[in-house]
Undergrad: 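One structure, pasted below without further comment.
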Amino acid sequence: MEQISESRFNALAGYARQPMARVMAREVEFYEVDSGRIVGMIIEDRTDNDFGGTVFARDAVHRYRCVRVTEFGQTLDAARASLAIEMEVAKQAPPEEHFQDDEPNKPIDFFTPVYDHSQLSPSFRRLISEENLSPALGVIEPMMRWHRDVDGNFVEQFQTAGFDQRIWELYLFAVFNELDFEIDTTVHVPDFIAKSLFGSMAVEAATVGPTRTGSEIIPPPPTDTEEEKQQYLRHYMPIKFGSVLYSKMKKKYWEHERVQSLPFLIAIHDFSSPQSMVHTRSALESYLFGFEHSFEKSNDGTLRILPKKIKEHRWGEKVIPSGFFDLPDTENVSGIIFSNNGTVSKFNRMGILNGFGSGRVVSIRSGTKVNHDPNTTLPQVFRVLVNAAGYEESWVEGLSVLHNPNAKIPLNPGLIPGAAHLFLRADGNVESFTPEFFPFGSITQNFAPLDVAEVLREFENGTHFVWTPRED
């Protein structure tokens, strides 16, 4: 019986946890045997302060479920001994003994291609074939066993043209699970009715894809010069975001009976071009709030932000009004969730962090993060070795919620802790509440096969430059 981190346990079996469980008991330690085929945890009852153990194994559809429990005892050592016995019993039992007789269907093979190689998404092909993405593959597999396939076409879309959309949905599912939400699987529209002890919300997932003419992808405009980059962010990308949000608005999700009394949010991710999501956060913010911001500094170095109302976004013959939250019917939208982390790179980092993959993958993450100095507009730059001891990352890290100032049902920010929360003030400035470490965007480089232990030794000896927050 080997002790593991809470995050590894959650990546394997945390999806079986009910939100009330953490109220009734404190989770103390986590274990696995047989490389994670059987996992267990020790809990302390909050009322009696005694200790017990729970064992998890895969059911008939390969979801980790509770299969054995120990008696409660007065000491942690006694609970460890009892858990070790029960985990060994579960290990020796045939797989069929762990079946629950309430499984909804037969196991689904998500990763064996069901279409010709030419029809598969290039991203899917890399995920199942490249060793440097094996941590992502490992962490996605147990998660998928719990994510519902409402339309019956999840595997098809995941393997083909809908790969990005499905990865985004899986990412949101991971976030909500991490935050102790229970997903109401009886509701098919919108994508998520998420319930927690602190409240509920309805969320519809959306993605911005490439511009197409028929099946042909039209490349995005160049951003080589500063002027081109500004036009891209001020006009091209707001129109891209606006098109997707407009399509979602036409479906009037807030009129559904199960949604009417809940905060309703649209969660959007940019997949319009390779790496575009790293740069387009500001374009979404300016479109939603309808303001752009410049700045000036006083003689004493104090920064003053100068908001300016935006009337419209124009690209070629396309013109849309700015200020999504001022448009008709948008008062029914409590806010917009945005992240540029709903990608395979995020899953790969979380996989490495939680012990998945071949064990020969080294990952380096570089990006910019929030600078909490109130008198600077410059972010800080970071570069970190994901494999290094002490590296931490959560699913919610990097998630932003842009709150609608006109919402009929405002969202309580406490429902999504760990996210950045942005509010438009009456003077046109945006007030942001961000965690201490909040990445604006990052790029992850994955290398395999490598001797991870050797890389870590070189890192400890100072051979590799890893972490330097600074003004850029």
Undergrad: Looking only at side-chain N and O atoms, does Asp270 offer a donor or acceptor that is under 3.5 Å from a partner on Thr280?
TA: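 The criterion, which ignores hydrogens and geometry beyond distance, is satisfied for Asp270 and Thr280.
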Undergrad: Go through it in stages, so that I can follow the logic: the residues are Thr75 and Asp77, the test is side-chain hydrogen bond (donor to acceptor under 3.5 Å, both in side chains), and I'd like the CA-CA distance, side-chain angles, deciding distance and then a yes or no.
TA: CA-CA 5 Å; Thr75 68; Asp77 284 340; 5.7 Å; no
Undergrad: Might you work through the ring-ring contact (aromatic ring centres under 6.0 Å, His included) test for Tyr64 and Tyr15, ending with a clear yes or no?
TA: CA-CA 8 Å; Tyr64 284 87; Tyr15 312 107; 9.1 Å; no
Undergrad: Between Glu204 and Lys251, does any NZ, NE, NH1 or NH2 come within less than 4.0 Å of an OD or OE carboxylate oxygen?
TA: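 Glu204 and Lys251: not salt-bridged.
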Undergrad: Are the side chains of Leu456 and Leu385 in touch, meaning some heavy atoms are under 4.5 Å apart?
TA: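 They are in side-chain contact.
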Undergrad: With Phe271, which residues qualify under side chain to side chain contact (heavy atoms under 4.5 Å, CB included), at least two apart?
TA: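 Testing Phe271 for side chain to side chain contact (heavy atoms under 4.5 Å, CB included), a comparison that skips the adjacent residues, returns Asp164, Trp168, Thr207, His269, Met277, Thr343.
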Undergrad: Considering only heavy atoms from C-beta outward, does the side chain of Arg65 approach that of His98 to under 4.5 Å?
TA: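 Side-chain contact under 4.5 Å: no.
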Undergrad: Between Asn49 and Arg26, is a side-chain hydrogen bond (donor to acceptor under 3.5 Å, both in side chains) present by the stated rule, with each step listed?
TA: CA-CA 9 Å; Asn49 298 118; Arg26 181 175 70 92; over 6 Å; no
Undergrad: Taking the six-membered ring for Trp, are Phe110 and Phe158 ring centroids under 6.0 Å apart?
TA: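 Ring-ring flag for Phe110/Phe158: false, centres at least 6.0 Å apart.
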Undergrad: Could you please spell out the steps behind the side-chain hydrogen bond (donor to acceptor under 3.5 Å, both in side chains) verdict for Gln165 and Glu169?
TA: CA-CA 6 Å; Gln165 294 92 322; Glu169 291 175 15; over 6 Å; no
Undergrad: Would you say the side chains of Ser363 and Arg349 form a donor-acceptor pair under 3.5 Å?
TA: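 There is no such pair (donor and acceptor under 3.5 Å, judged by atom type) between the side chains of Ser363 and Arg349.
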Undergrad: Side chain of Asn446, backbone of Ser134: donor and acceptor closer than 3.5 Å?
TA: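 No, the answer is negative, given that no donor and acceptor are paired below the 3.5 Å cut-off.
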Undergrad: Given side chains that start at C-beta, do those of Tyr31 and Ile38 come closer than 4.5 Å, heavy atoms only?
TA: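 A side-chain contact under 4.5 Å is absent here.
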Undergrad: Please identify which of these residues, Glu141, Glu103, Glu97, meets the salt bridge (Lys or Arg N to Asp or Glu O under 4.0 Å) condition with Arg58.
TA: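 Single pass found, and it is Glu141.
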Undergrad: With heavy-atom distances below 4.5 Å as the criterion, would you say the side chains of Leu172 and Phe192 are in contact?
TA: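 Leu172 vs Phe192: side chains touch.
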Undergrad: Between Leu245 and Ile266, is the side chain to side chain contact (heavy atoms under 4.5 Å, CB included) condition met? List the steps.
TA: CA-CA 8 Å; Leu245 293 175; Ile266 301 174; 3.8 Å; yes
Undergrad: Report yes or no: does Thr70 contribute a side-chain atom to a donor-acceptor pair with the main-chain N or O of Gly53 at less than 3.5 Å?
TA: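 Yes.
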Undergrad: Regarding Ser7 and Asn354, do their side chains bring together a donor and an acceptor under 3.5 Å, going by distance alone?
TA: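 Asn354 and Ser7 do have a side-chain donor-acceptor pair below 3.5 Å.
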Undergrad: Assign the ring pair His403 / His421 to parallel, tilted or perpendicular, where the plane angle (0 to 90°) is split at 30° and 60°.
TA: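 Tilted: the ring planes of His403 and His421 meet at 30° to 60°.
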Undergrad: Could you check if a side-chain atom of Glu285 sits within less than 4.5 angstrom of a side-chain atom of Ser400, using non-hydrogen atoms only?
TA: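 Of all side-chain heavy-atom pairs linking Ser400 with Glu285, none is under 4.5 Å.
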Undergrad: For the aromatic rings, using the six-membered ring if either is Trp, is the centroid distance between Phe382 and Phe437 under 6.0 Å?
TA: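 Under 6.0 Å, so yes.
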